[in-house]
Amino acid sequence: QVQLQESGPGLVKPSQTLSLTCTVSGGSITTNYYYWSWIRQPPGKGLEWMGAIAYSGSTYYSPSLRSRTSISRDTTKNQFTLQLSSVTPEDTAVYYCAREEVPGSLKRGHWGQGTQVTVSS
């Protein structure tokens with residue numbers, strides 16, 4: 001059974017870079033044909049797909065966040081990482097990592113439990 005776990009700081013200052021890591025167990029992030037995504041949910045709002053890294057290593061980003069987002073992976077550790085630059089309080093949200101068969105589908109399945117990130121000085 002694949003399990004995902006987010007980790008990273010819960011508080012980030014405005015203008016800094018938010019960095020989160022997702023550790024995957026029970027399956028490899030290079031397994032065909034899965035996509036490893038980052039999704040967030042701001043308080044009182046819906047889910048927002050941010051981007052994904054594919055089993056092949058290709059990356060895909062939401063157009064609205066593309067300029068500030070970078071997703072990478074470490075296959076030796078079976079981890080993938082989100083970096084979101086120039087954060088503002090509007091980036092405050094619960095951040096989830098997930099395994100998707102279709103990037104951006106937001107279909108509930110193999111998701112991490114989520115981690116709260118607050119952007120505040």
A.B. asks: Is a donor from one side chain sitting under 3.5 angstrom from an acceptor on the other, for Ser64 and Ser62?
C.D. replies: yes

A.B. asks: State, with a plain yes or no, whether a side-chain heavy atom of Arg73 is found less than 4.5 Å away from one of Thr30.
C.D. replies: yes

A.B. asks: Under a 3.5 Å distance rule, please check whether Trp36 uses its side chain to pair with a backbone N or O of Cys97 as donor and acceptor.
C.D. replies: no

A.B. asks: Do Tyr33 and Ile71 belong to the same hydrophobic cluster, where Ile, Leu, Val, Met, Phe, Trp and Tyr are linked whenever their side-chain heavy atoms lie under 4.5 Å apart, directly or via other members?
C.D. replies: no

A.B. asks: Using atom types as modelled and distance alone, determine if a side-chain donor or acceptor of Thr92 lies under 3.5 Å from a backbone N or O of Val119.
C.D. replies: yes

A.B. asks: Any side-chain heavy atom of Val117 sitting closer than 4.5 Å to one from Pro9?
C.D. replies: no

A.B. asks: For Ser67, does its backbone N or O pair with a side-chain atom of Tyr61 as donor and acceptor, under 3.5 Å?
C.D. replies: no

A.B. asks: Does NZ or CZ of Arg99 lie under 6.0 Å from the centre of the six-membered ring of Tyr34, at an angle within 45° of the ring axis?
C.D. replies: yes

A.B. asks: Using modelled atom types and a 3.5 Å cut-off, is there a donor and acceptor pairing between side-chain atoms of Arg40 and backbone atoms of Val94?
C.D. replies: no

A.B. asks: Mind listing the closest non-hydrogen atom pair of His110 and Leu4 along with its distance?
C.D. replies: O-CD1, 3.6 Å

A.B. asks: For Trp38 and Thr21, work out which heavy atoms get closest and say how close.
C.D. replies: CH2-C, 3.8 Å

A.B. asks: Side chain of Thr69, backbone of Arg66: donor and acceptor closer than 3.5 Å?
C.D. replies: no

A.B. asks: Which heavy atom of Ser121 sits nearest a heavy atom of Pro14, and at what distance?
C.D. replies: N-CD, 3.6 Å

A.B. asks: Apply side-chain contact (heavy atoms from CB on, under 4.5 Å) to Thr118 and Val12, showing your working.
C.D. replies: CA-CA 6 Å; Thr118 300; Val12 182; over 6 Å; no

A.B. asks: Check Val24 against Ile29 and note the closest heavy-atom contact, atom names and distance.
C.D. replies: CG2-CG2, 3.7 Å

A.B. asks: How long is the gap from OG on Ser58 to CD1 on Ile53, to the nearest 0.5 Å?
C.D. replies: 8.0 Å

A.B. asks: Starting from the C-alpha separation in whole Å, work towards a yes-or-no answer on side-chain contact (heavy atoms from CB on, under 4.5 Å) for Glu6 and Gln113.
C.D. replies: CA-CA 7 Å; Glu6 305 90 351; Gln113 64 183 17; 4.0 Å; yes

A.B. asks: Passes side-chain contact (heavy atoms from CB on, under 4.5 Å), Val2 versus Ser25? Steps please.
C.D. replies: CA-CA 6 Å; Val2 172; Ser25 58; over 6 Å; no

A.B. asks: Under 4.5 Å between side-chain heavy atoms, hopping through other hydrophobics if needed: is there a path connecting Tyr95 to Tyr35?
C.D. replies: no

A.B. asks: Verify, without hydrogens or angle tests, whether Asn78 (side chain) and Thr75 (backbone) share a donor-acceptor contact under 3.5 angstrom.
C.D. replies: no

A.B. asks: For the side chain to side chain contact (heavy atoms under 4.5 Å, CB included) test, which of Trp111, Tyr60, Trp49 pairs with Ser37?
C.D. replies: Trp49

A.B. asks: Quick check with a 6.0 Å cut-off and a 45 degree axis cone: is Arg108 positioned over the face of Tyr96's six-membered ring?
C.D. replies: yes

A.B. asks: Given the rule that I, L, V, M, F, W and Y join up when any side-chain heavy atoms are under 4.5 Å apart, are Phe80 and Leu65 in one cluster?
C.D. replies: yes

A.B. asks: Which of these, Gln79, Gln3, Gln5, sits in a side chain to side chain donor-acceptor pair (under 3.5 Å) with Thr23?
C.D. replies: Gln79

A.B. asks: Tell me, with the steps shown, if Asp91 and Arg68 meet side-chain contact (heavy atoms from CB on, under 4.5 Å).
C.D. replies: CA-CA 11 Å; Asp91 293 308; Arg68 298 196 292 130; 2.9 Å; yes

A.B. asks: Between Leu20 and Ile39, is there shared hydrophobic-cluster membership here, with clusters defined by ILVMFWY side-chain heavy atoms closer than 4.5 Å?
C.D. replies: no

A.B. asks: At their closest point, which heavy atom of Thr81 faces which heavy atom of Ser19, and how far apart are they?
C.D. replies: CG2-OG, 3.9 Å

